[in-house]
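What's counted below: heavy atoms across the whole structure, side chains too, no hydrogens, waters or symmetry copies.
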Amino acid sequence: MSVIAVLALDGVPGHQLTAPGLAFGTAARHHHPVAYEVRICAAPGFRGTGGPAPFGLDLTWGPEGLDDADTVLLPGHAGFRDAPPPEAVAALRAAAERGARVGAVGTGTFTLAATGLLDGRRAATSRRHTRELAALRPRVDVDPEGRVVADGPFHSAAGVLGGIDLCLHLITLDHGEAVAIETERQLFLQLHDRPEEHGDGTGPQGDGPEAAYNAITPPGSSLGPVTAWMEAHLHRPLTLTEIAAHAGLGVRALTRRFRADTGLTPLQYLLRLRVQRAQRLLERTDDPVERIATHTGLGTPANLRHHFQRSTGTSPTTYRAAFRALVSGVTWPERAERVGALTRTGTGTGTGTGTGPGPGPGSGPRRHS
């Protein structure tokens, strides 16, 4: 399990403090191979969040929470222009020296730059502070657009929606672009409802996190070829026997392998692939539900609506409208174009390879908030 330590200095914006838990928690909930532990660690002098509605927090972790963290995140805070506490500087330098990944959100880049760790490196901060940071820290190459910037182990960004842009970038590096895209969808739409229990072997069963898993094959899984074949043949009425035959396994062995690698049975995975393909077509095309039902192998509009509602908690029409209203203004343009291209060719729906490029320099979000 990857440990994410968020170092909170006094006056941290509340949304920047909670965004990592939301993003990494969403990735873990919806993807079987993904696991994160998020720690909120209080820097010396921390009392609570900043305005306009500050609230106090009694945190379990202090700077020692960074000692074994795989990633350290540094959000902004009210006194970002001041010298950070020496204990915070020491903890950040120690994390970098032992090879931890370090990220800064918004004005948190000022604090990270104050440690000297960004000297001679590229970095980003919120757009309205780029000139100020460049003037204050001339040895730092400040990106003028506030895009997600990666330079060695250091990652920084303007902080869209509290740092969601940076979190999605890190999730991409950890688990591939497919997982990041699905996480982005869940984060921005918040339409997912736990699917109903099924007794027919075609849908998620029971309580627990597996009820929400997306159809994502972990990088390096031996299931990669068979899940890619399933994606390429979604328009067909595939059977469990046919899938097992293509995989060269018995039905029981195939089911065990799917459960172990994806958290789903083969038919659950297939249904999720169909629904995820429908999501992409709703997002990126104007195809009517009749055509989408055919392309996804769900057959009829009624069957599409039924399974879409059970998997996402909303109807195809509502989903399309909500996605376009809420996501189009904040998604990364280059990634949106790639997803659109994949959708048009009917590929790239569910098997992350872990090798796709993340949202790095040159792929900044369209607007900031």
Undergrad: Between Glu132 and Arg127 (salt bridge meaning N to carboxylate O under 4.0 Å), is one present in this structure?
TA: no
Undergrad: Provide the closest heavy-atom pair for Leu59 versus Cys41 in the form atom of the first, atom of the second, distance.
TA: CD1-C, 4.2 Å
Undergrad: Quick one: are Leu170 and Thr71 in side-chain contact, heavy atoms under 4.5 Å?
TA: yes
Undergrad: Do you know the tightest heavy-atom contact between Gly263 and Gln268?
TA: O-OE1, 4.5 Å
Undergrad: Shared ILVMFWY cluster between Leu74 and Leu17, side chains joined below 4.5 angstrom?
TA: no
Undergrad: Given 3.5 Å as the limit, does a donor-acceptor pair link the side chain of Asp70 with the main chain of Val3, or not?
TA: yes
Undergrad: Taking the side chain as C-beta and beyond, is there a heavy-atom pair between Ile171 and Tyr36 under 4.5 Å?
TA: yes
Undergrad: Passes side chain to side chain contact (heavy atoms under 4.5 Å, CB included), Thr296 versus Leu234? Steps please.
TA: CA-CA 5 Å; Thr296 59; Leu234 285 182; 5.7 Å; no
Undergrad: For Asp174 and Arg101, what are the C-alpha separation, side-chain angles and deciding distance, and is it a salt bridge (Lys or Arg N to Asp or Glu O under 4.0 Å)?
TA: CA-CA 11 Å; Asp174 290 342; Arg101 187 169 59 184; 3.0 Å; yes
Undergrad: Would you say Val38 ends up clustered with Leu92 if hydrophobic residues are merged whenever their side chains have heavy atoms under 4.5 Å apart, either directly or through other cluster members?
TA: no
Undergrad: Under a 4.5 Å side-chain heavy-atom rule over Ile, Leu, Val, Met, Phe, Trp and Tyr, are Leu298 and Phe308 clustered together?
TA: yes
Undergrad: Would you say the side chain of Trp61 lies within less than 4.5 Å of the side chain of Leu66, judging by non-hydrogen atoms?
TA: no
Undergrad: Ser156 side chain to Ala124 main-chain N or O, any donor-acceptor pair under 3.5 Å?
TA: yes
Undergrad: Any heavy-atom pair between the side chains of Arg305 and Pro316 that's under 4.5 Å?
TA: yes
Undergrad: Is a donor on one side and an acceptor on the other found under 3.5 Å between the side chain of His31 and the backbone of Ala27?
TA: yes
Undergrad: As an exercise, state the distance from OG of Ser311 to CZ of Arg274, rounded to the nearest 0.5 Å.
TA: 12.0 Å
Undergrad: Apply salt bridge (Lys or Arg N to Asp or Glu O under 4.0 Å) to the pair Arg122 and Asp151, showing each step before the final yes or no.
TA: CA-CA 6 Å; Arg122 296 182 66 245; Asp151 192 330; over 6 Å; no
Undergrad: Taking CZ in Arg257 as the centre, count heavy atoms belonging to other residues, nucleotides or ligands within less than 6.0 Å. Is the count above 12?
TA: no
Undergrad: Does Arg131 have more than 12 heavy atoms from other residues, nucleotides or ligands lying within 6.0 Å of its CZ?
TA: no
Undergrad: Is the backbone of Leu281 close enough, under 3.5 Å, to the side chain of Thr285 for a donor and an acceptor to pair up by distance?
TA: yes
Undergrad: Just by distance, do the side chain of Thr109 and the backbone of Gly106 share a donor-acceptor pair under 3.5 Å?
TA: yes
Undergrad: Would a distance-only check, ignoring hydrogens and angles, find a side-chain to backbone donor-acceptor pair under 3.5 Å from Gln276 to Leu273?
TA: no
Undergrad: Tell me whether Arg98 contacts the main-chain N or O of Asp67 through its side chain, where contact means a donor paired with an acceptor under 3.5 Å.
TA: yes
Undergrad: State, to 0.1 Å, how close Gly45 and Asp10 come at their nearest heavy-atom pair, and which atoms those are.
TA: O-CB, 3.5 Å
Undergrad: Go through the steps to decide whether Val102 and Leu112 satisfy the test side chain to side chain contact (heavy atoms under 4.5 Å, CB included), and finish with yes or no.
TA: CA-CA 9 Å; Val102 182; Leu112 184 57; 3.8 Å; yes
Undergrad: Does the pair Leu9 and Val12 meet the rule for a side chain to side chain contact (heavy atoms under 4.5 Å, CB included), with working shown?
TA: CA-CA 6 Å; Leu9 283 81; Val12 57; 5.9 Å; no
Undergrad: Got a salt bridge between Asp58 and Arg47, using NZ or NE/NH1/NH2 to carboxylate O under 4.0 Å?
TA: no
Undergrad: Find out whether Leu187 and Leu22 are in side-chain contact, i.e. whether some heavy atom of one side chain is under 4.5 Å from a heavy atom of the other.
TA: yes
Undergrad: Is it the case that over 12 heavy atoms from other parts of the model lie below 6.0 angstrom from the CZ atom of Arg128?
TA: no
Undergrad: Apply side-chain hydrogen bond (donor to acceptor under 3.5 Å, both in side chains) to the pair Thr183 and Thr26, showing each step before the final yes or no.
TA: CA-CA 6 Å; Thr183 301; Thr26 298; over 6 Å; no
Undergrad: Flag the pair Ile4 / Ser2 as yes when at least one side-chain heavy-atom distance between them is below 4.5 Å, and no otherwise.
TA: yes
Undergrad: Search all heavy atoms of Pro84 against all heavy atoms of Ala114 and return the closest pair with its distance.
TA: CD-CB, 3.7 Å
Undergrad: Please walk me through it: do Arg280 and Glu182 pass salt bridge (Lys or Arg N to Asp or Glu O under 4.0 Å)?
TA: CA-CA 10 Å; Arg280 281 159 176 72; Glu182 293 298 332; 2.6 Å; yes
Undergrad: Treating Thr262 as the side-chain partner and Arg259 as the backbone partner, does any N or O pair qualify as donor plus acceptor under 3.5 Å?
TA: no
Undergrad: So how far is it from Gln279 CD to Tyr319 OH, rounded to the nearest 0.5 Å?
TA: 4.0 Å
Undergrad: Walk me through it: do Asp68 and Arg39 pass the test salt bridge (Lys or Arg N to Asp or Glu O under 4.0 Å)?
TA: CA-CA 11 Å; Asp68 61 344; Arg39 302 172 181 171; 2.6 Å; yes
Undergrad: Aromatic rings His169 and His155: how do their planes relate, parallel, tilted or perpendicular, breaks at 30° and 60°?
TA: tilted
Undergrad: Do Phe46 and His77 have ring centres separated by under 6.0 Å?
TA: no
Undergrad: Could you tell me the separation between the OG1 atom of Thr49 and the CD atom of Gln16, rounded to the nearest 0.5 Å?
TA: 11.0 Å
Undergrad: For residues Leu271 and Val289: do they belong to one hydrophobic cluster (side chain heavy atoms under 4.5 Å, members Ile, Leu, Val, Met, Phe, Trp, Tyr)?
TA: yes
Undergrad: Distance from Leu249 atom CG to Ile243 atom CD1, nearest 0.5 Å?
TA: 12.0 Å
Undergrad: Would you confirm whether Arg93, through its side chain, and Leu117, through its main-chain N or O, come within 3.5 Å as a donor-acceptor pair?
TA: no
Undergrad: Are Leu73 and Leu166 side-chain neighbours, meaning at least one heavy-atom pair lies under 4.5 Å?
TA: yes
Undergrad: Establish whether Val6 and Val72 are linked, either directly or via other cluster members, by ILVMFWY side-chain heavy-atom contacts under 4.5 Å.
TA: no
Undergrad: Look up atom CG in Leu223 and atom CZ in Phe258, then write down how far apart they are to the nearest 0.5 Å.
TA: 5.0 Å
Undergrad: Give the minimum heavy-atom separation between Cys167 and Ala23, together with the two atoms involved.
TA: CB-CB, 3.6 Å
Undergrad: CD/Glu290 to CG/Leu304 distance, rounded to the nearest 0.5 angstrom?
TA: 9.5 Å
Undergrad: Side chains of Trp229 and Leu238: does their closest heavy-atom pair fall under 4.5 Å?
TA: yes
Undergrad: As a quick check of understanding, evaluate side-chain hydrogen bond (donor to acceptor under 3.5 Å, both in side chains) for His295 and Arg291, giving each step before the final call.
TA: CA-CA 6 Å; His295 287 171; Arg291 184 176 300 171; 5.3 Å; no
Undergrad: How far apart are the closest heavy atoms of Ser222 and Asp261, and which atoms are they?
TA: N-OD2, 4.3 Å
Undergrad: What verdict does the side chain to side chain contact (heavy atoms under 4.5 Å, CB included) test give for Ser126 and Thr107, after you've listed the backbone C-alpha separation in whole Å, the side-chain angles of each residue and the deciding distance to 0.1 Å?
TA: CA-CA 6 Å; Ser126 56; Thr107 57; 4.2 Å; yes
